[in-house]
Structures are given as C-alpha cells and as structure tokens.
Amino acid sequence: MTDPVTLTRTGNIGLICIDNPPVNALSFAVRRGLVSCITQADADSKIDAVVIWADGRTFPAGADITEFDRPPIEPALVDVCDHIEGCSKPVIAALHGTVLGGGFEVALGSHFRIAAPGTRFGFPEVLIGILPAAGGSQRMPRITGAGPALDLMIKGSPINLEKVVALGLVDRVSLGDLKEDALNYAAEILVDKIPIRRVSERSDGFADQAAYTAAIEATRSKMLAANSPLFAPMRILECIEAAAEMPYPEGRILEYEKIRACVEHPQHAALVHAFFAERKSVKFPEAGRAKPRNLAKIGVIGGGTMGAGITVAALDAGLEVIMVERDAQSIARGKENVAKVYQRHVDKGRITAEKMDAVMARYTPATGYELLGDVDLVIEAVFEEMSVKKTVFTALDKVLKPGAVMASNTSFLDINEIASVTSRPDDVIGLHFFSPANIMRLLEIVIPDKVSDETVATGLALAKMMRKTPVRSGVCDGFIGNRMIAKYGDVASHLVEEGASPYQVDAAVREFGYPIGPFQMSDLAGGDIGWAVRKRHAKTRDPKARYVPIADRLCENGWFGQKTGRGYYIYENGSRVGTQDPEVLAIIDAERARAGITPRSFTNAEIVDRYLAAMINEGADIVHEGIASCPSDVDVIKVYGYAFPRFRGGPMKYADMIGLDKVLATIHKMAEQDPMFWVASPLLVDLVAKGKNFDSLNKG
C-alpha cells in the first residue's frame, strides 16, 4: 500500500503531503505518517521549515469514522499534535476544504496557519457526545479567549474563514495557489526570522481575565437554566475553564479525563449510532442496480405549505420548477408562499435581492398540466384524499413524457393504489417530505410493488440534490414514521383516559428529551389532521378495539390547536406557547365517566415506559414485516422527522441500551389489561429469546 503521508523537499522547505482520500481522515496510518515525517524533517539538516499540505479536496476533515468502534491505536492524535508543535523548525499548516475536529487540532498544533478562501473550520465532536481531545480545548482559548471557543465547540457548527481570521486562528489567507503560497510563506518566515509560536505556550486569550471568566459563567448559567440533558457541553466548558487556570500539560490531562467521561457516557454510544445510521440509510439496493435518470426540471402539484416547501427545496437544489395549482387565485397564493421564503432571506441579509430574482427566474407558476410535458419528475402535494390524488395521477399520466417520474407526497395513503390509475406504475414512487419541506431533512422514499430500480435511484438522487436524509420504506398505512406515531399516540390517549392529564404526558415526554409532547405536537400540526385520519379509519376499525374519543370531542368544538387558538392548550392573541385549559380537563373527566374509568395517578417514568414500549414494539413489527430495511432506519426517521432525542440514538437504539427484555416485560404487563392492543412483535420476542438486540440486524 502507498504511504498516505510523505515527505519531500523543495529547496530548504520540507513538504509533508497527506493523501488519504476521500477526506484525508486522520487514520492510524496518517497519524503514524505525520509523526514519522515530522521526526525526519526535524532531523534533516537540509530542511529549515516544514509545510503540512493535503492533496484532494480538503485538509484532514477529522477522525477516521471506521475507527470509532475499535480500540485506540497509538499514536493518539493528541500525541501527534504535540509532536508537530514540538518540532524545532517552523511548521506551517496549509489549509483548505473543511478543517474539522482533529484536522483543526493538527492545524492548531502547527506553528503557523495559511488558508485558502472558502475554507470552513469547526469542532463537531459535540455532535457525537465528545469534545476536542487532541489539545483543541486547551489551545484554541489561548488565542481567542473563552467566548469564541465555547461557541464553536458547544454548537458544533462550522464557521467560515473570515471569522477564523478575525479570531486570530489563521495567520494568512492564500490569494493564489495554496501550496505555492504556503512554501513562500515558510520561506518568508525563515528570511524574516519570525520566531516559532507554539499555541500551547500562548496566553493572548487570557489577557482580559475578567472577560474570560464572564464568558465561562454566562455560558454555565445559560446551560443550567436550560436544564439541558446533554452531557458533553458541560465537559467542554470545564476544559475551556481549565485552560486559563493551569499549564498546557495539566490541561491536557484534564482534557483526557473529560473525554473519557464522555466516551463512557451512554449519550456517546447513542450519538455515534445516529451518526452511522444516517449514513447507512442512503444505501438503497435499487441504487446499486440502476442509475438515476436526468433531473433538471421538475413539477410540483400544489402550492400550499407543503407544495411551496418542496418547491423551495427544489429551487435551492438548482432545479427548474413548474408549480401547478387549480386556478389563478390559488397559484398566486402558491407563488407568494415561495417568494416570501426568499424575501425573508433577503431581509435577514442571507442572500441579495439579485440572488432572489435569479432563483425565482427558475420558478414557473401554472394553472394547468400543459407545461409539464418536458419535466423529468413531478411531485404531487395535494389534499390527503385518495380520490383527489388518483385524479391528479390520471391527468399526469396523459401529459408527462416517457420516463418522467411520478411521485406522491402522501403521508399515509397506498402508493400502489395511486400507481394503479397510471399506465406506467414502474415510474411511480412515494416521496414523503416533512413540513416545512425546505427545512426538514428527512425524506421517506416509499417503494411500491411495481416501481423500477431506475425510478428509485432517481428519487434517491433528488434527495441528494436537496440535501435530504433519505430512508427507504415499504408500503403500509402511514409508512414508517406516521404508522408508529399512530400507535404511541393511541397510548398517550390511553394514559389520559386512565388518569394522566395531557399536560403531564407532555411534561414526561419533554423530560425524556423531546422538545414538545404529543398533545403539544397535535396542537402544532392541527387536530383536524388526525381527526380526518381517524374518520378515514372508522369504517375498518375493529369495534372491539379500544378507542378514546377525547380528541374527537375537542375537534367537534372546533378546537384544532394553534391555528384556531385552542386545542389541548389555549393560545391567546396568536401566542405559540399554550396554557392549560380547564375546559379540556372537564371534557376528559366526562369521557372517563362515560367509559366507567376511575382515574389513577401516574409517575412520569410510568408514562415514558409505556409510551416508548408502544413505539419500540411497532418499530419492531415494521422491521419484521420488511417495511423498514433495518432497525437503524427506524431510528433515523424518528430522530430526523419526529424529534426523538438524538442523544438517545432513536427508539430502537434506546431499546438496546435499556434492554429488550425490559421492553418486552412492559408489553406483557400491559397485555394483561388490553391484550388486543398490546401484542408483542414476533421480532422482539425472537431477539429476547436469542439474547440478541436490534443492532445485530443493522450490520452490512
């Protein structure tokens, strides 16, 4: 194998080149190579300065993710960074692409830094529940002070070159060829006899100790007030606080202690699982068997909230979009829905007015299907009613060119039935976006029986263009996400009927880590949406099945949630934050009495156990039936589309972490009260019997 790190000499400048595609990840071989090359350069009397350069599209973009679940292999990155910093000759890091995590720490371990325009920098470690532990938490605040370091490391989001230069983290910006500029910079440092500046020995960031302490205390107070369940951010704060209180060697020891605590905390395993689950979800078997069709122009049927959001997502992806509505008034409203998104961007300085005009030039409103003849793909986003969707697809079948993909944004309905009204069911697919579609990353790609591999590959290509997180789903009522929410939504209603208030259920679910509870979510989405689904299911509902009509009573009063100012909560004067409603509690009491139920009290733990058991059990059935390809796909959907707390990994990962036997015991206990509702998934039963977990099904 070719060594991924090599040392060559240009005059008296040593050039260390990293070549470990695709992102020059800091694998064991790269770490070892850096140590070896620095050692050689330091010992070579013909080399007076060193440039660290990376081939390809980026300077090292972080750790090698394939090593995440392996025992650590020396040299550790912190030792590599210290070795670079300890070089007796000036070391210049030439930066480009995405300088993230460990790559940023290598840069800070160097004595000087030069970067190409467009380079992005960041410490994303917090996103997998850890912290920068190769000296990053000790070096950065020595230059910037506490505030910028806390902001960058706790948020985990990258920043641009301009901000990094302003913070003093980069010494020079390359205005031409980065490699040549770096070599010239090294020569200039030697000619001007600029002394080596080891970041671990600097104290610029501590000059205003009062400001440093104030930033620490303000961040600590904010985190404590928010009562965040996240473990790593406070450990980051403790490291940055220590940077000003102790020499670098002692700070490095503390940094190691803190990252060990993070690694041993269950949030790290959960967040790493979420990280890999997202990357696994894009691996559709169909994409390996066929290439996607061309995508340049698409149609969107419907200009409401969902249609407009899909249109914006497509425009952001660089596509031409023809939006179709039923009449002039509706299409005018649809165009306004699209334009106001970009106008907000202009108002906030995110884009220029000229950029908005250029984007809107790719948007064409229409009131008929005639302009759709040359589009490559159409997404239907009309009212969630089968007859309406069939009418749309029948019309599309007549006007679309051969090979054009026909997609439905339905969130519940049978894609096979929709495809049956066309002459080309192999071109029909489900693309279930989540609202707001231009912001939410999740995209359920629903695979009907007769769809071609090419069509699926094209849907996956569209997801990539739109920067969505795609998950493959089979056809069933509600697909993966909404099928599950229907089940644990029923449990939330059961709990209320038995004695918990909707406000306690919401509080318990928020305490678990959700941003809002199920009844708050109902109010946000609109109670009428769930009501329509329940009425659609009424004809086929087993009369013996348990049914709680409390939500129906609210809807009969016209209380649909935030849109009407009242649902489970009261929303006064357009407020987005609701207050508890005594009349709702009175309705609940009346329904309990009608059902002959004597209410009892619940602990929050009981509520969460039952709520999650239903969610996990339904997820297991979905995997068992082949609707989801694997348990991790269920986790991706619930994390990205339904606000399941990412730091718990997803419901299936959470089940693994607490023990499938515990989940099964809860289901068996509840089945004693309601055997019709609580039927243990055969998959869950089988895994418990074999001593396995859901993760055993995620391999490959």
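In this structure, the side chains of Val456 and Ile429 come closer than 4.5 Å at one or more pairs of heavy atoms. In this structure the side chain of Val475 never reaches within 4.5 angstrom of the side chain of Ile447, judged on heavy atoms. Here the side chains of Val300 and Ile298 are in contact, with some heavy-atom distance below 4.5 Å. Counting heavy atoms from C-beta outward, Val634 and Met484 have side chains that approach closer than 4.5 Å. You'll find the side chain of Thr394 stays beyond 4.5 Å of the side chain of Thr422, heavy atoms only. Counting only heavy atoms from C-beta outward, the side chains of Asp528 and Trp559 never approach each other to under 4.5 Å. You'll find the side chain of Phe275 stays beyond 4.5 Å of the side chain of Leu127, heavy atoms only.
At least one cation-pi condition fails for Arg566 and Tyr571: the charged atom is not both under 6.0 angstrom from the six-membered ring centre and inside a 45 degree cone around its axis. A cation-pi arrangement is found for Lys487 relative to Phe677, the charged atom lying closer than 6.0 Å to the ring centre and inside a 45° cone about the ring normal.
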Pair Lys335-Glu325, side-chain contact (heavy atoms from CB on, under 4.5 Å): steps then yes or no: CA-CA 10 Å; Lys335 182 176 182 180; Glu325 263 288 5; over 6 Å; no
Criterion side-chain hydrogen bond (donor to acceptor under 3.5 Å, both in side chains) on Asp490 and Ser493, from CA distance to verdict: CA-CA 5 Å; Asp490 283 346; Ser493 296; 5.4 Å; no
Full working for side-chain hydrogen bond (donor to acceptor under 3.5 Å, both in side chains) between His273 and Asp656: CA-CA 11 Å; His273 169 80; Asp656 282 351; over 6 Å; no
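The nearest pair of heavy atoms linking Ser411 to Asn482 is O-ND2, 3.2 Å.
Panel note: side chain Ser435, backbone Ala437; no donor-acceptor pair is recorded below 3.5 Å. Between the side chain of Arg483 and the backbone N or O of Glu618, no donor-acceptor pair lies under 3.5 Å. The main-chain N or O of Val382 is found under 3.5 Å from a side-chain atom of Lys389 such that the two form a donor-acceptor pair. Of the possible polar contacts, one joining the Ser281 side chain to the Pro470 backbone as a donor-acceptor pair under 3.5 Å is found. Looking only at distances, a side-chain donor or acceptor of Asn409 sits under 3.5 Å from a matching main-chain atom of Phe433.
Using bins of under 30°, 30° to 60° and over 60° for the plane-to-plane angle, the ring pair Tyr514/Phe644 lands in the perpendicular bin.
Summarising the local packing, CZ of Arg576 is surrounded by 12 or fewer heavy atoms from other residues, nucleotides or ligands at distances under 6.0 Å. The number of heavy-atom neighbours closer than 6.0 Å to NZ of Lys563, taken from other residues, nucleotides and ligands shown, is above 12.
Atom CE in Met652 sits 14.5 Å away from atom CE in Met657 (nearest 0.5 Å).
A donor-acceptor contact closer than 3.5 angstrom links the side chains of Gln520 and Arg510. Asp397 and Ser423 form a side-chain donor-acceptor contact under 3.5 Å, judged by distance and modelled atom types alone.
A side chain to side chain contact (heavy atoms under 4.5 Å, CB included) with Val378 holds for exactly one of Asp427, Leu396, Val399; it is Leu396.
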